Amino acid sequence: MNNEKTAMRENRGSAKLWARVFDEDAPTKENLKNELAAASADFQIKRWWKYGQPAIDRIVAVIEVPFEKFGSTVHDIVKVHGSEIQVNLDVFPYGIVNPEVIRLDVTLERRGR
């Protein structure tokens with residue numbers, strides 16, 4: 001009985017949610033720091049908003065991506081699309097003859113709510 005209580009305590013709150021959503025361990029502070037540093041080389045988040053409390057139903061962001069990184073960035077964003085999350089993109093290139101930066105208006109919306 002004591003082992004059951006310990007197991008229940010370990011699988012509560014954020015830890016339980018993380019285990020249900022992802023197949024890997026929660027990121028450490030160092031992991032997040034490294035990932036954010038790598039992402040900042042590929043794109044810049046200009047603005048973002050979240051909608052829904054306490055569960056987030058929709059995230060809207062404005063991202064600027066260098067022309068050279070556009071394909072890989074869009075590929076990574078589109079991979080999020082699935083049965084639970086709808087991804088919508090609006091694309092606007094900056095630079096009339098030779099685009100230098102691409103603006104992405106990204107919306108991630110939870111389905112079925």
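Computed from a prediction, not measured in an experiment: that's the story for all the values here.
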Might you work through the side chain to side chain contact (heavy atoms under 4.5 Å, CB included) test for V60 and W49, ending with a clear yes or no? CA-CA 5 Å; V60 177; W49 303 266; 3.9 Å; yes
Exceeds 12 heavy-atom contacts within 6.0 angstrom, atom CG of L89: yes
Any sub-3.5 Å donor-acceptor pair from R58's side-chain atoms to T107's backbone N or O? no
Name all pairs fulfilling the side chain to side chain donor-acceptor pair (under 3.5 Å) condition that reach into residues 94-106, sequence neighbours left out, sorted by first residue then second. R103-D105
Is there a path from V106 to W48 through hydrophobic residues (I, L, V, M, F, W, Y) whose side chains come within less than 4.5 Å of each other? yes
Distance, nearest 0.5 Å, that separates CD1 of I102 from CZ of F43: 15.0 Å
From CG (N88) to CD (E109), nearest 0.5 Å: 7.0 Å
Name every donor-acceptor pair, under 3.5 Å, that has one atom in a side chain of residues 61-80 and the other anywhere in the protein, sequence neighbours excluded.
{"residue": "K69", "atom": "NZ", "partner": "D42", "partner atom": "OD1", "Å": "3.3"}
{"residue": "S72", "atom": "OG", "partner": "K69", "partner atom": "O", "Å": "3.2"}
{"residue": "T73", "atom": "OG1", "partner": "K69", "partner atom": "O", "Å": "2.8"}

Same cluster for I45 and I85 if Ile/Leu/Val/Met/Phe/Trp/Tyr side chains link at under 4.5 Å? yes
Distance-only, no hydrogens or angles: does the H81 side chain make a donor-acceptor pair with backbone N or O of Q86 under 3.5 Å? no
Which heavy atom of R110 sits nearest to which heavy atom of I56, and what is that distance? NH2-O, 2.9 Å
